[in-house]
There are 2 protein chains.
Amino acid sequence: MPRSQTKKNAILEEATKLFSEHGYWDTSISDISQATGVADGTIFYHFHSKEELFLAVLKNFKEKLISAFSNHLNNHEFETGMDMLEGVISFYLAQANKMEKRFFLLHRHHYYQIAAHNPNCWQQLEEIYSSLIDIFEQAIHIGQQDRSMKTVDASKKAFLIFTLVDGIVRFNTYKLYRADAIYDELIDSCRSMLQSSTN
Amino acid sequence: MPRSQTKKNAILEEATKLFSEHGYWDTSISDISQATGVADGTIFYHFHSKEELFLAVLKNFKEKLISAFSNHLNNHEFETGMDMLEGVISFYLAQANKMEKRFFLLHRHHYYQIAAHNPNCWQQLEEIYSSLIDIFEQAIHIGQQDRSMKTVDASKKAFLIFTLVDGIVRFNTYKLYRADAIYDELIDSCRSMLQSSTN
DNA sequence: TCTTTGACTGAGTGACCATTCAGTTTTTAC
DNA sequence: GTAAAAACTGAATGGTCACTCAGTCAAAGA
């Protein structure tokens with residue numbers, strides 16, 4: 001609302017766009033200031049350094065991503081745990097498709113490099129992944145209660161399935177494999193992992 | 001053998017090490033020349049630009065990785081396709097563990113960014129992934145012949161399993177999850193995906 | 001109206017770094 | 001042994017870019 005926040009937000013928006021499209025090193029402060037229509041100095045007035053801005057972008061992305069998932073879950077009813085899982089996978093893929101560029105943020109290595117020496121950055125990443133994996137885990141718990149799934153270590157299976165889905169998104173954005181071509185096979189595999197037991 | 005190749009190789013080795021540990025942008029030509037014990041100019045004598053050196057590193061890595069897998073497969077006999085698959089997964093995880101830093105190369109975004117406008121780079125990446133996925137696919141074909149696996153679309157399943165394994169390696173290197181804690185669950189999941197059929 | 005505080009500006013600074021090149025050394029060919 | 005070619009050197013160059021700061025502008029309170 002206050003004028004100051006308006007500009008700060010505009011900077012954050014443009015920075016998100018540019019960082020996710022071109023990465024940290026191929027985005028200069030001048031690129032961002034020009035895109036936003038402010039002076040270079042203004043960026044440093046609001047954010048003390050380029051890295052701080054980059055981290056603010058991550059935090060902002062985290063909040064939006066998590067709330068997108070909350071909204072989706074609140075507005076949908078699922079018959080069974082298995083349905084919920086399928087719904088969540090499909091929502092994840094849809095989101096990745098819709099804001100492909102934004103998802104690049106998470107697949108860029110630079111955050112993980114910063115995280116190695118910056119606990120705050122590490123925590124943001126950790127929160128993103130744990131809230132997403134949590135959702136998968138919830139679905140599995142529900143599925144186990146309603147007998148649509150067999151008894152498994154929900155936490156580990158949730159991690160595996162998340163990894164799988166996220167990996168597919170990565171290969172998709174790198175154009176090495178098309179996600180939509182594999183969707184049915186993916187759902188089928190998740191079913192096998194959770195429903196049946198043969199050894 | 002010729003003296004020139006000796007230095008060229010030394011540069012390539014050091015560059016591989018530094019690029020994979022610190023990434024493209026956090027490694028300068030001077031870092032590499034100092035580590036190798038040559039002058040900056042020598043690097044440009046052998047490689048025309050920093051990017052060309054970076055690509056040479058990828059090519060070299062590709063060759064070593066592929067031959068490591070060939071060797072492993074040639075020196076091992078597997079009873080069934082399922083055993084082979086398990087052996088390959090386990091070898092992949094072991095390699096990733098052994099040369100963790102080198103695997104960083106593949107998980108750094110910069111190559112994919114170059115690949116977007118450089119067909120040669122794209123081809124290197126494509127060759128790496130397709131030869132790895134091919135190995136998984138072979139195992140599945142064998143498994144289908146010896147009846148240790150059900151009939152599935154081998155190519156798609158191979159991709160899914162590769163994605164899963166590679167994703168686990170990524171989370172492991174980022175210290176967000178430990179690969180060894182999930183190994184049994186992973187193998188178990190692959191079995192479910194391939195052996196049983198319930199719908 | 002005046003003043004104080006916060007928001008904003010953009011030219012300037014200094015550090016970094018890929019790349020060049022004129023010159024030196026080493027190797028190879030004869 | 002010598003000449004030509006190849007390998008190598010490192011100081012110099014030019015460009016980029018994060019960050020600073022002295023100063024301008026705007027709003028809000030008195």
Side-chain angles (χ1 to χ4, degrees), chain A residues 1-59 105 108-111 113-114 117-118 120-121, chain B residues 1-58 60 105 108-111 113-114 117-118 120-121:
Chain A
M1 203 95 62
R3 189 158 200 100
S4 72
Q5 292 302 305
T6 307
K7 264 190 182 167
K8 192 175 177 181
N9 279 335
I11 291 168
L12 203 56
E13 285 301 310
E14 288 300 331
T16 303
K17 194 176 157 204
L18 292 170
F19 280 140
S20 45
E21 283 177 23
H22 308 120
Y24 185 78
W25 295 108
D26 280 337
T27 302
S28 68
I29 291 293
S30 304
D31 290 339
I32 300 168
S33 63
Q34 271 177 258
T36 318
V38 299
D40 285 18
T42 310
I43 293 180
F44 289 98
Y45 177 77
H46 289 293
F47 306 93
H48 301 333
S49 68
K50 187 183 176 183
E51 188 171 307
E52 192 178 310
L53 172 57
F54 191 58
L55 292 176
V57 164
L58 178 63
K59 194 172 177 209
L105 277 177
R108 288 186 182 284
H109 193 277
H110 197 61
Y111 279 123
Q113 202 155 351
I114 295 176
H117 61 80
N118 179 330
N120 174 43
C121 180
Chain B
M1 198 95 63
R3 189 156 201 102
S4 70
Q5 292 302 305
T6 308
K7 262 188 182 167
K8 191 174 177 181
N9 279 334
I11 291 168
L12 202 57
E13 285 301 309
E14 288 300 331
T16 303
K17 193 177 157 202
L18 292 171
F19 280 141
S20 45
E21 283 176 24
H22 308 118
Y24 184 78
W25 294 108
D26 279 337
T27 302
S28 69
I29 291 293
S30 304
D31 290 339
I32 299 169
S33 61
Q34 271 176 257
T36 318
V38 299
D40 285 18
T42 311
I43 293 179
F44 288 96
Y45 177 76
H46 289 294
F47 306 93
H48 300 335
S49 69
K50 188 183 177 185
E51 188 171 305
E52 192 178 309
L53 172 57
F54 191 58
L55 291 177
V57 164
L58 178 63
N60 192 249
L105 276 177
R108 288 186 180 285
H109 194 278
H110 196 59
Y111 279 122
Q113 201 155 352
I114 294 176
H117 61 80
N118 179 331
N120 174 44
C121 179

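Each chain gets a letter, A, B and so on, in the order its sequence line appears, and its residues count up from 1.
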Residue B:Lys50, side-chain atoms from C-beta onward, closest of C:dA18, D:dA18, C:dC8: C:dA18
For atom OH of B:Tyr45 and atom C1' of C:dA22, their distance in whole Å: 16 Å
B:Phe47 six-ring face occupied by B:Lys8 cation (under 6.0 Å, within 45°): yes
Any B:Lys7 side-chain N or O less than 4.0 Å from OP1/OP2 of D:dA6: no
B:Leu53 CG to C:dA18 P, straight-line distance once rounded to whole Å: 11 Å
A:Asp40 CG - D:dG23 C1' separation (whole Å): 17 Å
Whole-Å distance separating the CZ atom of A:Phe44 from the P atom of D:dA22: 17 Å
Touch class at under 4.0 angstrom, heavy-atom based, for A:Thr27 against every strand present: sugar-phosphate
Nearest-Å distance for atom pair CH2/P, residues B:Trp25 and D:dA18: 11 Å
Of the listed nucleotides C:dC8, D:dT9, C:dT19, the one nearest the side chain of A:Thr42: C:dC8
Atom-to-atom span, CZ of A:Phe19 to C1' of D:dA18 - whole angstrom: 11 Å
Atom-pair distance (CG on A:Asp31; C1' on D:dT16), nearest Å: 11 Å
Trace of the side-chain contact (heavy atoms from CB on, under 4.5 Å) decision for A:Asp26 with A:Asp31: CA-CA 9 Å; A:Asp26 280 337; A:Asp31 290 339; over 6 Å; no
Mutual orientation of the aromatic rings belonging to A:Trp25 and A:His110 [parallel < 30°, tilted 30-60°, perpendicular > 60°]: perpendicular
Rounded distance in Å - NE2 (B:His48) to C1' (D:dC8): 15 Å
N/O (side chain, B:Ser30) to phosphate O (OP1/OP2, C:dC17) under 4.0 Å: no
A:Tyr24 and A:Tyr111 aromatic centres sub-6.0 Å: no
